[in-house]
Amino acid sequence: MSAPKNERAFDPNASIVLVGCRGAGKRTLGFMGALHLRRRLVTEDHYFEKATGLTRGQYLSRHGREAFARQNADTFKRMLDSNRTGCIIECGMSSITEDAQDALRAYSRTHPVIYVHREKEQISLLMDAADAEQLLKADGKHRGCSNLEYYNLLDSSNQASSPRSGASTPMDGRQATPSKLLCAREDFTKFLDLITGRGPTRAWLESPFSVSAIPPEFRSYSYAMRLRLSYLMDMDLEWEDFEARADCIELIIDHWPNDLLTIVSRQVALIRRKLGIPIIFHVEENPRGERRRSLEEKNTMDAELLELGLRLGVDYISLDLQRDDALVNRVLRHRGRSKVIGNFWYMGFGAPPWLDDRQIDNYRKAQSLGCDVIRMVRFCAGDSDAELLEEFKRKLQHAVPQPRPPLVAYDFSVLGVRTPLQSRILSPVKHPDVENERDHLATVSTATGSFELLFRQFLLDPLQFYVLGSNVSYSLSPAMQHAAYDFAGMPHTFQAVPCSTLDDLNQICISDAFGGGCLTAPFKVAIMPHLKVMSHHATAIGAVNVLLPLRGKTNAILDHANSRNKAGRARNFFGDNTDWSAILTCLRRAISPRNYVQPSKTTGLVIGAGGMARAAIYALIQLGCRNVFIYNRTFENAVQVANHFNKWAAEQGISNSAQANGSTSEVCRVLPSLLDSWPAGYQLPTMLISCVPATSVDGNPPADFEMPLDWLRSPTGGVVVELAYEPLNTPLVEQMRAFRESVSPSWVIVDGLEVVGEMAIEAFELMTGRMAPKRLMKAVGRKTWEQQQQQHGSVPAFSRDFAR
């Protein structure tokens with residue numbers, strides 16, 4: 001038996017079509033997608049006017065309804081045919097006509113056609129009830145002429161408490177929170193990365209130790225939290241409570257409410273937005289507590305649900321290979337970019353033993369069908385020793401040559417999974433506070449308990465982590481990291497150790513128990529010549545702030561990444577930079593829709609020229625800003641940093657078009673004086689990042705930086721990111737608060753505690769390979785800072801966690 005052809009493995013550059021009813025958000029999503037994929041946006045209205053020289057209304061009034069219908073159908077087809085690659089095509093309401101849908105069905109054989117929809121209530125708000133009902137009825141036909149589906153979620157919950165943002169409560173109660181537009185952009189761009197297959201590859205190339213770079217099936221250990229639709233329909237916990245509880249979510253469709261397809265689509269959208277981790281989509285054949293279905297109804301209904309999972313572009317589709325061949329083949333033909341987990345479930349008595357030849361045959365069958373992961377689960381009533389499964393795995397290695405798909409295999413009984421250690425990857429787990437009578441696989445195990453057991457069984461080792469630099473005494477990192485270790489079930493330690501020479505640093509790093517270090521001054525730039533392996537980001541920035549030991553048995557990066565949380569002699573060290581991504585996260589959260597980044601227009605300003613300033617400049621460039629200005633008291637240092645990034649940008653093909661004043665297309669420019677007017681020909685800055693100390697450091701005088709008022713005249717305000725948090729109310733923060741109150745309320749202030757919290761989160765994930773409990777870490781960081789203020793009054797120094 002061989003795998004059927006994947007009919008939805010489209011060319012990566014194939015144009016993407018968006019269809020859906022008015023008010024679904026196609027135009028906005030199309031604009032976001034075009035920017036993200038660097039494609040041309042084609043809108044039906046603009047194409048019609050360009051092709052005919054008339055707007056739709058003008059053409060209709062001039063030529064009549066019949067002529068308009070013929071011209072509209074012809075123009076629609078020409079729009080698709082003439083834009084087959086490198087575009088995102090936004091269709092108007094022509095897509096509800098029969099001619100257009102015939103064209104879309106043909107187009108969908110070779111191109112992604114995405115049906116965009118959202119809450120019916122939101123559509124109804126845009127028109128009267130009769131029109132809305134008619135339009136929504138017509139909108140349902142879009143499923144028949146598309147091959148993908150995107151639910152444009154309107155989330156009315158408090159965005160500040162979103163686990164993905166990890167936002168915390170500020171001192172003045174006016175913290176930046178993600179806008180709805182930002183959440184929609186993040187959701188849709190990740191969806192596009194999934195359906196085009198570019199997401200994991202890009203993450204791996206840029207930073208192979210990041211959590212998103214290694215799929216759960218290739219991690220040293222991973223856990224899948226089972227969430228049932230029946231539970232999600234009436235949750236007794238908040239989404240925030242599920243943060244960092246597993247490596248992925250297995251969404252189990254075990255309930256059939258009215259409007260099932262829309263409900264399932266919304267739940268997938270919620271999981272993506274709230275938790276931001278991969279989804280395994282599983283349709284249960286015989287769910288507990290539901291009515292019994294005939295075989296014909298099962299096959300028809302479940303095939304439609306599995307098709308929906310594929311249309312939603314889920315990361316993994318769970319396919320029971322013991323089911324009807326037609327159903328199995330349909331899923332395999334329509335798999336697209338979703339990975340297939342091929343299942344063999346033996347749910348009752350009489351399950352074949354692990355050493356039965358049928359088990360090897362089952363594995364070979366799944367392999368021949370092209371399954372990416374193979375899952376084999378059997379009910380055990382005391383008839384199988386745990387060692388038999390290990391013997392089966394050894395037998396499999398000899399019987400089936402490489403490449404072998406990863407294997408998930410375990411026994412379960414009426415009490416749940418027999419032992420959390422049976423399966424190394426995608427072990428089923430539950431939330432510690434969720435009880436669900438319908439589930440028989442995850443009634444006991446949790447990810448924290450299972451991971452903790454690995455240390456108790458000496459499969460993983462307690463390690464020592466550090467923040468290292470000349471001024472780290474008041475670092476908040478130890479408190480935040482220890483809180484995360486306790487949450488995740490890790491017996492690691494984290495210390496702040498002052499040191500100022502590379503020899504001191506080396507003595508700490510050569511220990512067999514060294515797990516990793518966060519570097520501050522003077523090591524961020526000085527360490528780079530001594531590292532053979534660095535991330536793409538660290539190389540581009542020219543600075544490293546996270547140091548990891550490489551303990552893999554081979555030279556493969558994946559082997560090194562999966563050797564985290566294990567002691568031993570380090571073969572080498574890996575350097576990465578998370579400062580930039582922490583700054584980028586804060587900027588994205590705080591930028592208002594009015595100030596969205598326009599590469600040729602938006603202007604950013606960075607104060608300082610040290611390691612943090614480098615990270616800030618890189619963050620602005622990654623955000624799309626192509627006009628970055630630098631001010632530093634030592635002009636020559638600023639010129640050196642600007643030259644570094646201009647050279648790097650030229651090598652990457654990143655530039656800005658020449659300005660009206662005849663200046664060059666360089667991305668970075670240096671401001672010689674605070675007394676000068678803002679350079680002519682450039683917009684006033686809407687993003688300002690201060691990377692200088694607010695108090696004395698190492699005997700150097702404090703910067704006491706304040707912005708020239710003329711540089712703050714942006715009519716739409718902007719974002720100020722202050723990296724210093726000792727004191728929290730720096731001269732710049734005080735100035736901006738007064739300016740916001742008296743002159744322009746459109747400015748958003750991001751304080752140093754918010755930034756250092758993001759840095760600690762990034763460092764935890766890099767050094768341990770586990771998802772970070774973001775809200776917990778930020779809350780602990782702020783609480784620790786407040787305790788320091790009470791104990792010491794005025795704590796000397798600048799942000800010890802990321803000093804220059």
Side-chain angles (χ1 to χ4, degrees), residues 166 200 202-216 218-222 244 247 276-277 451 460 463-469 475-478 480-485 487-488 490 492-495 508-509 514-520 523-524 527-528 531 533-541 543-552 557-566 570 572-585 611 615 618-619 622 755-774 777-778 781 801-802:
R202 186 177 62 181
W204 173 260
L205 291 174
E206 292 181 351
S207 182
F209 283 78
S210 65
V211 171
S212 60
I214 306 176
F218 293 116
R219 298 176 191 173
S220 53
Y221 299 94
S222 59
D247 297 272
I277 57 178
F451 205 65
L460 298 178
L463 299 178
Q464 298 163 2
F465 296 85
Y466 302 88
V467 55
L468 303 164
S475 170
L476 302 177
S477 288
M480 289 189 282
Q481 298 295 338
H482 278 128
Y485 296 154
F487 178 92
M490 301 176 179
H492 299 322
T493 62
F494 194 102
Q495 305 173 58
I508 293 173
C509 296
F514 175 71
C518 299
L519 305 182
T520 69
F523 298 123
K524 289 190 175 184
I527 192 68
M528 293 196 67
L531 296 175
V533 187
M534 289 179 287
S535 72
H536 166 83
H537 302 302
T539 303
I541 294 169
V544 163
N545 79 314
V546 174
L547 187 67
L548 300 176
L550 300 180
R551 294 195 172 103
I557 288 294
L558 180 60
D559 194 14
H560 290 308
N562 282 336
S563 295
R564 284 175 286 190
N565 301 301
K566 295 180 181 179
N572 216 310
F573 293 90
F574 175 82
D576 208 336
N577 191 299
T578 62
D579 291 338
W580 77 273
S581 52
I583 295 171
L584 181 68
T585 297
Y618 187 72
Q622 291 297 311
V755 183
V756 78
E758 293 293 342
M759 292 176 179
I761 288 165
E762 297 269 3
F764 173 85
E765 294 188 343
L766 267 184
M767 293 191 289
T768 66
R770 308 301 302 165
M771 294 285 293
K774 299 180 181 180
M777 293 180 73
K778 286 195 168 190
D801 294 271
F802 46 73

* Working to the nearest 0.5 Å, report the span between CG of Asp579 and CG of Leu584. => 12.5 Å
* Where Ser222 and Pro216 come nearest, the two heavy atoms and their spacing -> OG-O, 2.8 Å
* Ring-ring centroid check Phe465 Tyr485, cutoff 6.0 Å -> yes
* Heavy-atom side-chain proximity of Tyr466 to Cys509 below 4.5 angstrom -> no
* To do: Measure the CE-CD1 distance between Met759 and Ile583 for me, rounded to the nearest 0.5 Å.
  => 5.0 Å
* With a 4.5 Å heavy-atom cut-off, do Asp247 and Arg219 have their side chains touching? -> yes
* Distance, nearest 0.5 Å, that separates CD1 of Ile557 from CZ of Phe209 -> 5.5 Å
* **Backbone N/O of Ala760 and side chain of Gln481: donor-acceptor pair under 3.5 Å** => yes
* Close side-chain approach of Phe514 and Leu463, heavy atoms under 4.5 Å -> no
* To do: Tell me yes or no: between the side chains of Asn577 and Ser535, is some donor less than 3.5 Å from an acceptor?
  => no
* Asked: So do Ser210 and Glu765 actually touch side chain to side chain, heavy atoms under 4.5 Å?
  -> no
* **For Val544 against Met528, the heavy-atom pair lying closest together** => CG2-CG, 4.1 Å
* Is the backbone N or O of Phe218 less than 3.5 Å from a side-chain atom of Asn562, with the two atoms forming a donor-acceptor pair by type? -> yes
* Gly575 and Ala538: which non-hydrogen atoms are nearest, and at how many Å? -> O-CB, 4.0 Å
* State, yes or no, whether a side-chain contact exists between Ile508 and Leu468 at a heavy-atom distance under 4.5 Å. => yes
* To do: Anything under 30° is parallel, anything over 60° is perpendicular, the rest tilted; go ahead and classify Tyr221 against Phe451.
  => perpendicular
* Asked: Which distance, rounded to the nearest 0.5 Å, do you find between the OG of Ser581 and the CD of Gln622?
  -> 10.0 Å
* **NZ/NE/NH1/NH2 to OD/OE distance under 4.0 Å, Asp559 and Arg551** => no
* Hey, do the aromatic rings of His560 and Phe574 have their centres closer than 6.0 Å? -> no
* Under 3.5 Å, side chain of Arg564 to main-chain N/O of Leu766, donor-acceptor pair present? -> yes
* Flag, side chain of Glu762 to backbone of Thr578, donor-acceptor distance under 3.5 Å -> no
* Structure fact -> When rounded to the nearest 0.5 Å, the distance separating CE of Met777 from NE2 of His482 is 11.5 Å
* Could you tell me whether Glu758 and Lys778 have a side-chain N and a carboxylate O separated by less than 4.0 Å? => yes
* Output yes when a side-chain donor or acceptor of Asn565 lies under 3.5 Å from a complementary backbone atom of Thr768, and no otherwise. => yes
* Structure fact -> With Ile761 as partner, the option from Met480, Lys774, Met771 fulfilling side chain to side chain contact (heavy atoms under 4.5 Å, CB included) is Lys774
* Asked: Roughly how far apart are Leu550 CG and Ser563 OG, rounded to 0.5 Å?
  -> 9.0 Å
